[in-house]
Trainee: 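Handing you a structure now.
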Amino acid sequence: MEANKIKLINEDNLRLDGRSFNELRPIKIQAGILNRADGSAYIEWGGNKIMVGVYGPKEAYPKHSQDIDHAIVKARYNMAAFSVDERKRPGPDRRTMEISKVISEALSSAIMIEQFPRAEIDVYIEVLQADAGTRIAGLTAATVALADAGVPMRDMVVGCTAGKVDGHMVLDLSKEEDNFGEADIPIAIMPKTGEIVLMQMDGDVTEDELYQAMDMIFEATKRISQLQREALLNKYKIQDIGEGE
């Protein structure tokens with residue numbers, strides 16, 4: 001079906017799912033859900049369902065991969081074969097390798113990797129159900145899993161997407177908007193400093209539209225960052241209650 005035949009914004013300036021231009025999809029984050037990982041998290045963001053497990057810091061293997069100055073962060077992003085409407089071929093492909101790389105770089109900016117020479121930190125991101133924005137949702141959950149593992153970080157990493165749909169800039173693209181909109185811009189930051197650690201763009205926007213998208217994302221990350229922290233606090237509240245019984 002051609003993009004110009006799909007109307008993504010209705011006469012009331014509402015999107016297909018009823019959201020306003022600057023409204024997030026529902027987000028739910030849980031920390032510490034995998035017993036055998038050093039740290040873990042689960043996120044539901046719109047229709048996305050993503051699990052993250054963190055292992056390390058530990059000695060990097062094989063030894064020739066070690067860096068004498070800092071730890072190596074290895075993020076492995078994977079989409080389960082059943083995560084999309086049409087069954088995905090199992091295993092890595094060019095897209096998942098590219099996403100793994102940019103997530104590794106974003107997390108390396110936040111983690112105090114200089115404290116762990118010759119070590120590696122493995123971050124496994126498994127997309128169980130995909131619904132647009134999986135790289136940002138996975139990165140947001142990965143930060144919670146790293147904090148759950150006790151990995152020292154300069155700040156949490158939090159992100160969101162914005163894009164151009166029917167000529168309007170909107171926040172947190174849905175699957176239909178991602179597929180048939182004019183542009184998609186995922187951005188991740190460290191909230192304390194506002195430093196951008198991931199920024200990509202697919203499509204065409206003007207300079208003013210780009211700044212509008214960035215403003216929307218920066219405002220949204222305040223709420224998402226709070227959800228990250230609440231997920232960690234909730235884990236330890238539950239532990240405290242269990243220990244007190």
Side-chain angles (χ1 to χ4, degrees), residues 8 15-34 39-54 75-80 82-85 88 95-96 99-100 102-103 106-107 110 123-148 156-163 165 169-179 181 183-191 197-200 202 213-214 216-235:
L8 299 171
R15 297 147 77 178
L16 286 179
D17 54 11
R19 286 185 292 149
S20 59
F21 293 168
N22 63 346
E23 187 176 349
L24 286 165
R25 292 176 290 176
I27 301 173
K28 173 186 174 184
I29 308 175
Q30 291 178 270
I33 60 170
L34 298 176
S40 60
Y42 172 74
I43 188 168
E44 292 184 2
W45 187 328
N48 290 315
K49 297 183 179 183
I50 301 172
M51 188 89 69
V52 182
V54 168
R76 294 174 176 86
Y77 167 98
N78 182 62
M79 295 182 68
F82 51 80
S83 63
V84 289
D85 293 336
K88 179 186 176 295
R95 177 179 178 274
T96 58
I99 293 176
S100 295
V102 297
I103 290 177
L107 293 175
V123 182
Y124 294 91
I125 300 169
E126 191 73 19
V127 180
L128 306 176
Q129 181 172 289
D131 183 37
T134 55
R135 76 188 64 192
I136 286 297
L139 178 56
T140 298
T143 308
V144 175
L146 285 163
D148 181 46
M156 305 280 278
V157 176
V158 57
C160 193
T161 64
V165 175
M169 299 306 295
V170 301
L171 182 71
D172 189 15
L173 300 184
S174 67
K175 180 180 178 182
E176 294 79 12
E177 292 167 343
D178 187 28
N179 290 341
D184 173 28
I185 307 168
I187 295 177
I189 68 169
M190 290 192 287
V197 296
L198 183 152
M199 182 174 181
Q200 297 178 290
D202 180 17
M214 293 175 67
M216 295 171 81
I217 289 170
F218 271 69
E219 186 63 31
T221 56
K222 295 177 184 177
R223 172 58 181 153
I224 302 166
S225 179
Q226 183 61 35
L227 293 174
Q228 288 177 312
R229 297 175 190 280
E230 287 174 1
L232 292 163
L233 287 170
N234 287 337
K235 177 196 171 179

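For the numbers below, each heavy atom of this structure counts, side chains included, while hydrogens, waters and symmetry mates do not.
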Trainee: Could you list the residues that satisfy salt bridge (Lys or Arg N to Asp or Glu O under 4.0 Å) with R19, not counting sequence neighbours?
Mentor: D17, D172, E177
Trainee: What's the shortest heavy-atom distance between A213 and M169, and which atoms?
Mentor: CB-CE, 3.7 Å
Trainee: Verify side-chain contact (heavy atoms from CB on, under 4.5 Å) between N48 and I43, making sure each step is shown before the conclusion.
Mentor: CA-CA 8 Å; N48 290 315; I43 188 168; over 6 Å; no
Trainee: Can you pull out every salt bridge (Lys or Arg N to Asp or Glu O under 4.0 Å) where at least one residue sits in residues 223-232? Sequence neighbours excluded, please.
Mentor: D155-R229
Trainee: Restricting to non-hydrogen atoms, name the atom on L146 and the atom on L107 that form the minimum distance, rounded to 0.1 Å.
Mentor: CD1-CD2, 3.8 Å
Trainee: Quick check: closest heavy atoms across A145 and V52, and the distance to 0.1 Å?
Mentor: CB-CG1, 3.8 Å
Trainee: For a quick test of reading the model, state the closest non-hydrogen atom pair linking I50 to A137 and the distance between them.
Mentor: CD1-CB, 3.7 Å
Trainee: Which is it for I217 and M199 under the side-chain contact (heavy atoms from CB on, under 4.5 Å) test, yes or no, and what are the steps along the way?
Mentor: CA-CA 11 Å; I217 289 170; M199 182 174 181; over 6 Å; no
Trainee: Please name all residues satisfying salt bridge (Lys or Arg N to Asp or Glu O under 4.0 Å) with K49, sequence neighbours left out, ordered by chain then number.
Mentor: none
Trainee: Do you know which two heavy atoms are closest between I224 and C160, and how far apart they sit?
Mentor: CD1-CB, 4.0 Å
Trainee: If only atom types and distance count, is the side chain of S225 paired as donor or acceptor with the main-chain N or O of K222 below 3.5 Å?
Mentor: no
Trainee: Taking side chain to side chain donor-acceptor pair (under 3.5 Å) as the definition, give me every residue that meets it alongside Y124, ordered by chain and number, with sequence neighbours left out.
Mentor: none
Trainee: Taking all heavy atoms of L8 and all of G181, pick out the closest pair and write down the distance.
Mentor: CD1-N, 4.1 Å
Trainee: Tell me every residue that passes side chain to side chain donor-acceptor pair (under 3.5 Å) with T134, counting only those two or more places apart in sequence or in another chain.
Mentor: Y77
Trainee: Side chains of V54 and D148: closer than 4.5 Å at any heavy-atom pair?
Mentor: no
Trainee: Within the side chain of Q228, is there an N or O that forms a donor-acceptor pair under 3.5 Å with the backbone of V157?
Mentor: yes
Trainee: With sequence neighbours left out, what residues match D178 under salt bridge (Lys or Arg N to Asp or Glu O under 4.0 Å)?
Mentor: none
Trainee: Side chain to side chain contact (heavy atoms under 4.5 Å, CB included) with L173: which of V165, D131, I185, N179?
Mentor: V165
